[in-house]
Amino acid sequence: MLQQTRIAAVLPYYDRFLAALPTVHALAAAPQEQVLSLWSGLGYYSRARNLQRAAQEIVANHKGKFPRDLEAALALPGIGRYTAAAVLSIAYDAPFAVLDGNVARVLARLFAVHGDLREPARWRRLGEAAQNLLAQSPAGDWNQAVMELGETVCTPQTPRCATCPVSQFCRARALRLTNEIPAPRRKRAPVKIKIAAAIFRDPRGRTILLRDPGAHDHVLFSRMWQFPAVEVRRDPAAELAKHLQDELGPVAASLILEPLRPAKHTVTFRNITLLPYLARVSRLPKSVRIRVLPLDRLHQLPVSSATRKLAASVLSQ
DNA sequence: AATCCGGGGAC
DNA sequence: GTCCCAGGATT
């Protein structure tokens, strides 16, 4: 959960996840839909799929215990250098240094490393530097201490050098380069997209969700349950109406699409304007690919945050 | 080596 | 608004 995600954002998910699936055996045996529902809203959903696959491999091949061997850990889906080092050092006191965004920033300032830290050759050197510093024991405590130093003291903006325990060794500070190091991560230019979505509602307050309706909006909805939706350009209502007929058939022919308040959503480099349309119907469309459920019970299914925002636009009006 | 994948909290 | 997060997989 912590991969590229702040601790504060993870905590409530972590608590709910462990309460529902407290053991590796429970996780391995759970329906994938339950795992994804527990992850719903946290993002990077391949992590959830990989975590469950890893649990299944651990049960099948490692007697239900996370492997102590580095190579075996790296062979698990979703376990890379960082996570393997973190788990093995914290759980088993194995002598592997972690390198994450926090550690990289601390080391880059300590040694005044210029350039993009994520560039593979530079990242590898930083990993070697981290390993060379790992003379302390227990290794897990050392690793967590360096990460926490980065999180709380050696922060990206306005680091708290006055309270830093290693400021006297810091080359970036000596050179007055703490604001220039590390170099900012280069990012892809943002792209603007408009997505129109139809939120059906029957007299009992129920709606429909689909899965895998088309390739174009997978990015936004993460291949999970979603409202019928389509990317639109000039005439959102008309383009959505056409899409609904293609998706759902003639049942969608004479719908009245009532525009609701647009919402903003960002997925990596895409700036998305969500255009919700309420479709009041006496009877919901039926199909094997359709799930019917109350509009205020979306958390029962795996959905992305975009789907939650769309539902909220109806519930708030 | 590049690119992709979510979401939100801090500033 | 901007930045970046206890990264990993895929191409």
Side-chain angles (χ1 to χ4, degrees), chain A residues 1-14 36 39-51 53-54 73-91 96-108 115-124 126-127 130 139-160 179 182-193 215 217-224 226 263-272 274 302-309 312:
Chain A
M1 284 181 173
L2 288 167
Q3 290 167 357
Q4 285 290 284
T5 307
R6 295 177 193 278
I7 293 171
V10 161
L11 278 178
Y13 287 88
Y14 177 81
L36 289 173
W39 212 276
S40 176
L42 194 53
Y44 282 163
Y45 297 99
S46 64
R47 294 180 300 177
R49 299 184 174 96
N50 285 335
L51 181 65
R53 287 174 47 212
L74 289 172
L76 294 169
I79 307 293
R81 300 298 305 202
Y82 164 77
T83 307
V87 172
L88 295 180
S89 68
I90 293 170
F96 300 115
V98 297
L99 180 63
D100 72 334
N102 290 309
V103 174
R105 183 174 56 256
V106 169
L107 298 182
D116 180 0
L117 303 188
R118 302 275 176 171
E119 189 194 333
R122 190 165 287 116
W123 192 260
R124 191 166 59 248
L126 287 166
D141 288 354
W142 172 262
N143 280 331
Q144 293 186 74
V146 181
M147 289 189 283
E148 193 154 322
L149 182 65
E151 183 198 343
T152 62
V153 176
C154 195
T155 50
Q157 314 297 331
T158 61
R160 297 160 174 80
N179 288 334
R185 294 176 75 171
R186 52 189 179 75
K187 50 188 178 293
R188 219 190 128 156
V191 177
K192 291 184 179 180
I193 295 177
D217 40 18
H218 279 180
V219 171
L220 181 52
F221 300 109
S222 308
R223 302 192 313 278
M224 303 203 292
Q226 61 165 94
K264 293 293 185 184
H265 191 71
T266 303
V267 180
T268 58
F269 58 89
R270 296 178 180 80
N271 269 323
I272 300 152
L274 295 171
V303 297
S304 77
S305 285
T307 299
R308 292 175 193 252
K309 287 182 183 176

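Residue numbers begin at 1 in each chain, while the letters A, B, ... track the order of the sequences.
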Worksheet item: Can you list the residues that meet the side-chain contact (heavy atoms from CB on, under 4.5 Å) rule with Arg118(A), with sequence neighbours excluded?
Response: Gln4(A), Asp116(A), Trp123(A), Arg185(A)

Worksheet item: With a 4.0 Å cut-off on heavy atoms, is Thr155(A) in touch with a base, just the backbone sugar-phosphate, or nothing at all?
Response: nothing

Worksheet, complete the sentence: Taken to the nearest whole Å, CG/Asn179(A) to C1'/dC11(B) is 14 Å

Discussion item. Rounded to whole Å, please give me the gap between OH in Tyr14(A) and C1' in dG8(B).
Written reply: 21 Å

Fill in: Nearest-nucleotide 5' precedence on DNA chain B, Arg188(A) against Ala9(A)
Arg188(A)

Worksheet item: Between the side chains of Arg308(A) and Ser40(A), does any donor sit under 3.5 Å from an acceptor?
Response: yes

Worksheet item: Rounding to a whole Å, what distance do you find between Leu11(A):CG and dG7(B):P?
Response: 19 Å

Worksheet item: CZ of Arg6(A) versus C1' of dA10(B): gap in Å, rounded?
Response: 7 Å

Fill in: Along DNA chain C, first and last positions that approach a heavy atom of chain A under 4.0 Å
dC3(C) to dA9(C)

Worksheet item: Stepwise, does the side chain to side chain contact (heavy atoms under 4.5 Å, CB included) test hold for Gln3(A) with Tyr44(A)?
Response: CA-CA 9 Å; Gln3(A) 290 167 357; Tyr44(A) 282 163; 5.9 Å; no

Item to complete: May I have the distance from Glu119(A) (atom CD) to dT3(B) (atom P), rounded to whole angstrom?
Response: 13 Å

Fill in: Residue among Val103(A), Asn102(A), Val106(A), Thr155(A) satisfying side-chain contact (heavy atoms from CB on, under 4.5 Å) with Leu149(A)
Val106(A)

Worksheet item: Are Thr152(A) and Arg160(A) close enough that some pair of their side-chain heavy atoms sits under 4.5 Å apart?
Response: no

Fill in: Base of dG7(B) paired with side chain of Thr5(A) (donor-acceptor, under 3.5 Å)
no

Practice prompt. In whole angstrom, give the distance that lies between atom CE of Met1(A) and atom C1' of dC5(B).
Written response: 17 Å

Discussion item. Nearest 0.5 Å, please: how far is CG in Leu99(A) from CG in Leu107(A)?
Written reply: 7.0 Å

Worksheet item: Among all residues two or more places apart in sequence or in another chain, which pass the side-chain contact (heavy atoms from CB on, under 4.5 Å) test with Thr5(A)?
Response: Ala9(A), Val10(A), Leu42(A), Arg47(A)

Worksheet, complete the sentence: 5'-most contact on DNA chain C (nearest-nucleotide basis), Leu74(A) vs Met147(A), goes to Met147(A)

Item to complete: Scan Gly150(A) against the nucleic acid and name what it touches under 4.0 Å (heavy atoms): base, sugar-phosphate only, or nothing.
Response: nothing

Discussion item. I want to check one thing: is the phosphate of dC5(B), taken as OP1 and OP2, less than 4.0 Å away from some side-chain N or O of Arg270(A)?
Written reply: yes

Worksheet item: Contact class for Arg308(A) vs. all strands (heavy atom < 4.0 Å): base, sugar-phosphate, or nothing?
Response: nothing

Discussion item. Could you check whether any side-chain heavy atom of Val267(A) comes within less than 4.5 Å of a side-chain heavy atom of Ile272(A), counting everything from C-beta outward?
Written reply: yes

Discussion item. Rounding to an integer number of Å, can you tell me how far Leu51(A) CG sits from dC5(B) P?
Written reply: 21 Å

Worksheet entry | Interatomic distance where CD belongs to Gln3(A) and P belongs to dG7(B) [whole Å] | 16 Å

Worksheet entry | N/O (side chain, His265(A)) to phosphate O (OP1/OP2, dG6(B)) under 4.0 Å | no

Item to complete: Rounded to whole angstrom, note down the P distance from dA6(C) over to dC11(B).
Response: 13 Å

Fill in: dG6(B) to dC5(C) separation - C1' atoms, rounded to the nearest Å
12 Å

Response to the item:
On DNA chain B, more 5' by nearest nucleotide between Leu42(A) and Thr158(A) is Leu42(A)

